[in-house]
Amino acid sequence: MKTAYRALLICMMTAFAIAGICGDLLSDSPSTTDINGAVSFVQGQNGAITVSFPAQSGNSIPRYDAVTVVAGNSSGDPAFSGNYTEMGVDAVSFNIASESTVLSPVLVQLVLRSSGSGRVWRNESVSASAVGGQVVVNQVSFERSSGWTRDGGGDLDAMWAADLQSVEVIGVRLAKPNREAISYTISEFIISGETFGTTPATLTPLEQALKDQFGVTSAAELTETQKAQDGDGDGMADFVEIMSENDDEYANSIFVAEIVSITEAGVLLRWPTVAGSSYTVIRSASLMEEFQDLQGAVSIPAATTGYMTHLDASGAEGGPYFYKIRREP
């Protein structure tokens with residue numbers, strides 16, 4: 001069953017179309033006229049599609065750009081639609097790769113719509129890499145437990161089972177993650193009779209975070225350029241944030257405070273933080289004396305992973321002073 005569908009579907013890949021996203025997820029009749037004006041695409045060999053999002057000016061209001069690459073075909077042969085249950089279709093797979101190394105990978109979802117109910121389903125257990133040319137092979141089962149969901153209540157399992165019997169459209173939704181120009185190529189979109197394991201479900205939190213951000217599951221696979229990326233511009237690299245949130249040993253290894261400045265306003269301190277943790281500044285006038293909690297700087301909560309600063313206004317009154325930062329359990 002898999003071989004037959006693979007041969008047919010790769011042939012039909014030339015019928016890929018683009019559906020506009022700033023309204024509905026999927027167009028009823030996907031065509032190039034449905035594209036958001038900020039998005040362009042180029043059709044390559046064997047049905048591959050390269051979708052490009054332009055850069056956005058840092059002086060403008062951030063614009064949300066997204067597009068859905070829909071598996072369709074112009075010959076009228078319903079290769080990607082119909083009763084998946086009766087057809088014996090158990091899984092879907094596709095390849096995706098960035099045309100160049102970027103700060104953050106494109107945000108990816110699988111989407112499926114039923115002609116019987118009109119319901120739209122999404123699956124976010126797929127991803128792409130930020131490394132140029134690195135192909136990520138996404139394989140997802142049509143078992144609903146592999147990540148398929150939709151907005152709204154009701155018996156989702158029953159709805160999903162019914163909607164698989166009347167699949168109208170299936171495709172890959174791409175959303176631009178930031179202001180940077182990005183281009184991604186989707187290829188080898190295949191539905192088959194083989195059930196793929198859902199890899200993300202077996203990953204550790206650290207592996208999942210690395211996969212979501214960089215498209216790999218091991219820190220050893222990252223380049224020095226990737227390790228230096230700072231997507232939110234807070235001074236702490238994305239890689240360090242991920243490791244700090246998921247590896248206590250690593251977080252402790254970088255937990256070093258610094259004095260940023262000493263002015264008439266006081267002593268400005270800075271230290272790395274992990275979201276959800278709290279920090280207390282302790283101070284002493286001598287290394288031979290006991291350190292005491294600094295008033296106004298006890299159990300300061302960290303809303304995000306990055307850096308925290310605190311101004312010790314009383315530090316301007318004299319000194320010398322010695323500081324330590326305590327991470328609360």
Side-chain angles (χ1 to χ4, degrees), residues 6-27 29-57 63-75 79-80 92-112 122-140 169-191 211-216 223 225-226 229 231:
R6 180 182 177 87
L8 172 65
L9 298 178
I10 290 179
C11 174
M12 294 302 176
M13 284 285 289
T14 56
F16 255 132
I18 303 292
I21 289 305
C22 290
D24 296 332
L25 278 179
L26 302 170
S27 167
S29 301
S31 69
T32 56
T33 59
D34 294 323
I35 303 173
N36 178 310
V39 184
S40 61
F41 79 100
V42 174
Q43 191 157 350
Q45 296 180 340
N46 297 321
I49 290 286
T50 299
V51 178
S52 298
F53 297 86
Q56 296 180 23
S57 170
R63 183 182 65 245
Y64 180 79
D65 288 338
V67 74
T68 300
V69 180
V70 177
N73 83 77
S74 57
S75 67
F80 294 92
V92 58
S93 69
F94 66 93
N95 300 347
I96 184 169
S98 176
E99 293 300 295
S100 61
T101 297
V102 293
L103 292 175
S104 300
V106 70
L107 305 176
V108 189
Q109 294 181 358
L110 274 168
V111 290
L112 178 148
R122 65 182 181 277
N123 192 312
E124 298 178 356
S125 59
V126 290
S127 63
S129 172
V131 180
Q134 185 174 84
V135 178
V136 175
V137 181
N138 287 283
Q139 300 177 328
V140 178
V169 180
I170 186 169
V172 182
R173 175 180 167 86
L174 308 179
K176 183 179 172 66
N178 50 36
R179 297 178 184 271
E180 183 184 21
I182 58 172
S183 294
Y184 276 81
T185 297
I186 299 173
S187 61
E188 296 287 313
F189 191 97
I190 303 166
I191 56 175
K211 188 174 190 297
D212 291 343
Q213 182 66 33
F214 300 107
V216 298
T223 65
T225 299
Q226 286 178 299
Q229 292 175 5

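Note that the numbering runs from 1 along the sequence shown for the chain. Because the structure is predicted, anything quoted here is derived from the model rather than measured.
In this structure, the separation between CD1 on Ile182 and CG on Leu174 is 7.5 Å, given to the nearest 0.5 Å. Remark: Arg122 CZ to Leu112 CG distance equals 13.0 Å, nearest 0.5 Å. Atom CD of Gln226 sits about 10.5 Å away from atom CG of Leu103, to the nearest 0.5 Å.
Remark: Asn123 pairs with Ser125 by the side-chain hydrogen bond (donor to acceptor under 3.5 Å, both in side chains) rule, at least two apart or across chains. Taking Ser183 as the reference, Ser52 meet the side-chain hydrogen bond (donor to acceptor under 3.5 Å, both in side chains) condition, with sequence neighbours excluded. For Glu180, the salt bridge (Lys or Arg N to Asp or Glu O under 4.0 Å) test picks out no residue, with sequence neighbours left out.
With Thr68 contributing its side chain and Val70 its backbone, the two residues share no donor-acceptor pair below 3.5 Å. Between the side chain of Thr101 and the main chain of Gly132, a donor-acceptor pair closer than 3.5 Å is present.
Across Gln229 and Phe214, no two heavy atoms sit closer than the pair OE1-CE2, 3.6 Å. Summarising the geometry of Ser129 relative to Gln134, their closest heavy-atom pair is OG-OE1, 2.7 Å, with the distance given to 0.1 Å. Heavy atoms only, all atoms of each residue included: Leu107 and Pro177 are closest at CG-CB, 4.3 Å. Closest heavy-atom contact between Gln213 and Ser104: NE2-OG, 3.5 Å. Of all heavy-atom pairs between Val106 and Tyr184, the closest is N-OH, 3.4 Å. The heavy-atom pair separating Ser127 from Val108 by the smallest distance is C-CG2, 4.1 Å.
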- Query: How far apart are the C-alpha atoms of Glu99 and Thr185, what are their side-chain angles, what is the distance that settles it, and do they pass the side-chain hydrogen bond (donor to acceptor under 3.5 Å, both in side chains) test?
  - Reply: CA-CA 7 Å; Glu99 293 300 295; Thr185 297; 2.7 Å; yes
- Please test Asn138 against Phe94 for side-chain contact (heavy atoms from CB on, under 4.5 Å), starting from the C-alpha separation and ending with a verdict. CA-CA 5 Å; Asn138 287 283; Phe94 66 93; 3.7 Å; yes
- Please lay out, stage by stage, how Phe80 and Val169 fare under the test side-chain contact (heavy atoms from CB on, under 4.5 Å). CA-CA 7 Å; Phe80 294 92; Val169 180; over 6 Å; no
